[in-house]
There are 2 protein chains.
Amino acid sequence: MTDDIVASVVRQWQAVNPELDTGPMELIGRINRCAALLQQAEDAPLRAAGLTRAEFDLLGAVRRTDRELTPGELARETFSSGAAVTKRLRVLQERGLVDRRGDDRDRRVNHIRLTEQGRELVDMLLPRQLAYERTVLSGLDEQSRTRLSAQLSELLVQLEGRIGGGPR
Amino acid sequence: MTDDIVASVVRQWQAVNPELDTGPMELIGRINRCAALLQQAEDAPLRAAGLTRAEFDLLGAVRRTDRELTPGELARETFSSGAAVTKRLRVLQERGLVDRRGDDRDRRVNHIRLTEQGRELVDMLLPRQLAYERTVLSGLDEQSRTRLSAQLSELLVQLEGRIGGGPR
DNA sequence: GGAAACTGTTTTACGGGTGTAATACCTGCT
DNA sequence: AGCAGGTATTACACCCGTAAAACAGTTTCC
């Protein structure tokens, strides 16, 4: 069993102050570091398609819900601010990947949907992205992955309850 | 066992396209989401002290290595760009938290160290931060935490080898 | 020995993306 | 009509990373 970065950081802290309860750091540090590495890896194939990860998330949210969404719903769905969604929608619309439709009853609200081109892009990109992710994770066998996934799910449920179901 | 966000997203994808191999998404999605929630939670107490998480990471890196570091070393240690470190150092120096010393042999390089005030701030903040993290994680018992931590360590070692030991 | 080319470190310039806060607009209710 | 509440956009400021610049050392080669 070799050391990871977090273990060596923890060891440094212990050397400086042995009374520190570094328990939480080990778990949280590893989650953060894994997330950073994975996101970095995932961004590469997306950039090749001219998309930001945030843009891809937005397109994916529309695609997977399979209906028109309002900008507000998209902000909640992608865990980002309304302003960010507004700007992303503008550039995606200029690129012809999404389309807007005004609501008949309430003229404040828009409905966003994918254009034919946008849908094709997502449907081409997602399987490729998933295949790539599979290779990135290939160091773990099937059993380890599902076990890890299940335990993270447990933590995630706790956090969502404790912290508040997501940024609003 | 209740559902988390990732499970419902996966279900949506399956409904739209049942042939998708969503395995990787479950694990990566959960890691990312946990990281996002945890970071959001951790930022709150830091902002109360007038610090960014990135600034705190920088101060912590100097504190835990217990010696003077150059800006370049700090960039590697905190996984951020040299330019970002330069700017953070400038504001931290203006606040009187860090101090610089030019190298005698090589006048290109600086050595950064904490001021008395900077050291006191870190030493006050870190235990508070760790205690807060412990409460955030309190939904999991000790055993679950260490098990999860160990499995993530295994993944992290794989990723560091595969992706390249960090941004360089 | 000394100039030139090369390497390495830090800083500056610039562009892009994000969030908070302020604004504009709309609806539904009293 | 006027007000309360909600939705989208705009304005502003911040932080970051890439790329270029500024600067200091080191090596090479005559």
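Small disclaimer: the values here were computed from a predicted structure and weren't measured. Side-chain atoms are counted along with the backbone in the values below, which use heavy atoms only and exclude waters and symmetry mates. Proteins come first, then strands; the chains are lettered A, B, ... in the order of their sequence lines, and each starts at number 1.
To the nearest angstrom, C1' of C:dT27 lies 11 Å from CG of A:Asp103. Between the CG atom of A:Leu69 and the P atom of D:dA8 there is a distance of 11 Å, given to the nearest Å. Nucleotide D:dC14 holds its C1' atom 13 Å from the CZ atom of B:Arg47, rounded to whole Å. One interatomic measurement links the two molecules: CG of B:Asp57 to P of D:dC16, which rounds to 10 Å at whole-angstrom precision. In this structure, A:His111 atom NE2 and D:dT7 atom C1' are separated by 12 Å, rounded to whole Å. Rounded to whole angstrom, the span from the CG atom of A:Asp106 across to the P atom of D:dG5 amounts to 17 Å. What separates CZ of A:Arg101 from C1' of D:dT7 is a distance of 16 Å, to the nearest Å. Atom CG in B:Asp104 sits about 11 Å away from atom P in D:dG25, given to the nearest Å.
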Give every donor-acceptor pair under 3.5 Å between a side-chain atom in residues 47-62 of chain A and any protein atom, sequence neighbours left out.
from	atom 1	to	atom 2	distance (Å)
A:Thr52	OG1	A:Glu55	OE1	3.4
A:Glu55	OE1	A:Thr52	N	2.8

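The shortest side-chain heavy-atom distance between A:Ile28 and B:Glu42 falls under the 4.5 Å cut-off. Looking at B:Val122 and B:Arg64, their side chains never come closer than 4.5 Å, going by heavy atoms from C-beta outward.
Under a cut-off of 6.0 angstrom, the local environment of CZ in B:Arg100 is crowded, with over 12 non-hydrogen atoms contributed by other residues, nucleotides or ligands.
Taking both residues in full, the closest heavy atoms of B:Gly102 and B:Asn110 are given as CA-OD1, 4.2 Å, listed atom of the first, atom of the second, then distance.
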* Quick one, give me the B/S/- string for nucleotides 10-21 of chain C, reading 5' to 3', where B means a protein heavy atom under 4.0 Å from the base and S means that only happens at the primed atoms, P, OP1 or OP2. => SBB-B---BBB-

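Contacts classified as side-chain hydrogen bond (donor to acceptor under 3.5 Å, both in side chains) and involving residues 144-153 of chain B (residues at least two apart or in different chains) are given here: A:Asp4-B:Ser153, A:Arg30-B:Ser149, B:Asp141-B:Ser144, B:Glu142-B:Arg145.
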